[in-house]
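Single-structure report; data block below.
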Amino acid sequence: NNAADGSIFGIGNDEALLIYQQENNYLALGTNNTERLRIDSAGSLVVGTAMGTTSSANQRVLITATNEGATTYGLYIHNNSYSAGRARISMSPRYSFAYNTAPYIESLSESTSAAALIFGTTTGGTAAERLRIDSSGRLLVGTSSSPSAANGSDSVLVVQGKANSSGAAGFISIQKGEPASSITTNEEIGAVNFGDNAGNTFAYIRCRADANAGAGDFPGRLEFFTTASGASSPTERLRIDSSGNVGIGTSSPSDTLHLNGATGYGLKITDSSSHIGVYRTHSDGAILKTASNHALLLGTNDTERLRIDS
């Protein structure tokens with residue numbers, strides 16, 4: 001008699017089946033004398049959780065398991081197709097998005113025993129694929145096709161194109177989490193590490209600020225490191241500073257190419273005909289010589305002026 005009391009089980013005026021909980025409480029369904037599902041008083045669907053547990057204010061569906069240890073439980077969406085099929089979860093952040101235009105997560109059959117996972121977002125009212133994990137575990141960004149040629153087929157990460165232009169050159173940005181105005185000399189901007197499965201470094205490439213940065217002023221340098229045989233930490237081997245100077249064996253290159261090392265350190269130039277030219281330091285100064293059975297030539301204006309034969 002009171003709309004706020006009791007429950008309703010019946011047929012509505014439109015011949016729909018009605019199951020109502022009239023009071024400020026949950027509605028539960030069960031099998032084998034055990035609760036399996038409930039709709040709480042806030043209208044949220046709670047599946048597989050303990051008696052008396054309800055969802056939080058922002059959860060509309062809650063799926064849990066109780067005291068099941070390492071057993072995995074979750075939501076299963078099944079496409080019963082015998083051909084290449086799809087199963088999708090669409091997520092609409094507002095009323096204007098329909099099922100086929102909202103951002104989504106989708107499973108795509110690649111064969112009878114393999115499937116990819118696809119992530120899509122919406123722009124201009126159209127949902128489009130943005131990222132895919134194929135059945136081989138490759139992360140594909142900007143493309144839906146797994147590479148099959150050369151090193152591409154071995155890649156775990158494939159980036160094709162750039163934002164909103166999959167046909168453009170591939171583009172990856174590694175960024176520091178602060179503005180240029182806060183970046184000072186020698187601050188690390190980003191790095192790429194090459195290591196084993198524990199992260200031990202065999203080699204890496206690092207970018208640092210080469211001076212204090214600011215609006216319209218982004219001085220950077222690149223540093224290249226390798227780890228020597230028998231060592232456990234890397235050593236800088238080459239540096240390109242913000243002026244474009246290249247330093248090998250020095251962290252302060254003062255010329256376009258600056259080589260630095262112990263006495264006898266130098267530059268060796270060879271060609272396919274076994275010609276060998278050497279310039280290196282010496283305890284008495286410097287040496288310019290050939291290290292093969294060939295003449296040493298000196299010239300100016302692209303013309304030979306002096307020759308010392310072998």
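Just so it is clear, the model here is predicted, and its values are computed rather than measured.
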Any donor-acceptor N or O pair under 3.5 Å, side chains [X], [Y]:
{"X": "Ser7", "Y": "Gln22", "answer": "no"}
{"X": "Thr184", "Y": "Asn212", "answer": "no"}
{"X": "Thr290", "Y": "His294", "answer": "no"}
{"X": "Asn260", "Y": "His258", "answer": "no"}
{"X": "Arg221", "Y": "Ser242", "answer": "no"}
{"X": "Arg305", "Y": "Thr300", "answer": "yes"}
{"X": "Asn25", "Y": "Ser41", "answer": "no"}

Test: Arg237 cationic atom under 6.0 Å from Phe224 six-membered ring centre, within 45° of axis: no
Within 45° cone of Tyr26 ring axis and under 6.0 Å: Arg38 NZ or CZ: yes
Just by modelled atom types, is the [Y] backbone N or O under 3.5 Å from a matching donor or acceptor in the [X] side chain?
{"X": "Ser182", "Y": "Ala180", "result": "no"}
{"X": "Asp255", "Y": "Leu257", "result": "no"}
{"X": "Ser107", "Y": "Ala87", "result": "no"}
{"X": "Ser90", "Y": "Tyr104", "result": "no"}
{"X": "Thr303", "Y": "Gly299", "result": "no"}
{"X": "Ser310", "Y": "Ala295", "result": "no"}
{"X": "Asp271", "Y": "Ser274", "result": "yes"}

Side chains of [X] and [Y]: does their closest heavy-atom pair fall under 4.5 Å?
{"X": "Leu298", "Y": "Glu304", "value": "no"}
{"X": "Tyr99", "Y": "Arg88", "value": "yes"}
{"X": "Leu108", "Y": "Arg86", "value": "yes"}

Greater than 12 external heavy atoms within 6.0 Å of [X]'s [atom1]:
{"X": "Asn13", "atom1": "CG", "value": "no"}
{"X": "Asn100", "atom1": "CG", "value": "yes"}
{"X": "Asp154", "atom1": "CG", "value": "yes"}
{"X": "Phe9", "atom1": "CZ", "value": "no"}

Residue pairs involving residues 172-185 (criterion salt bridge (Lys or Arg N to Asp or Glu O under 4.0 Å); sequence neighbours excluded): Lys176-Glu178, Lys176-Glu187
Contacts of Phe194 that satisfy ring-ring contact (aromatic ring centres under 6.0 Å, His included) - sequence neighbours left out: none
For Thr185 against Asp210, the heavy-atom pair lying closest together: CG2-O, 4.0 Å
Chi angles and distances behind the side-chain contact (heavy atoms from CB on, under 4.5 Å) call for Leu238, Val246: CA-CA 7 Å; Leu238 184 147; Val246 178; 4.2 Å; yes
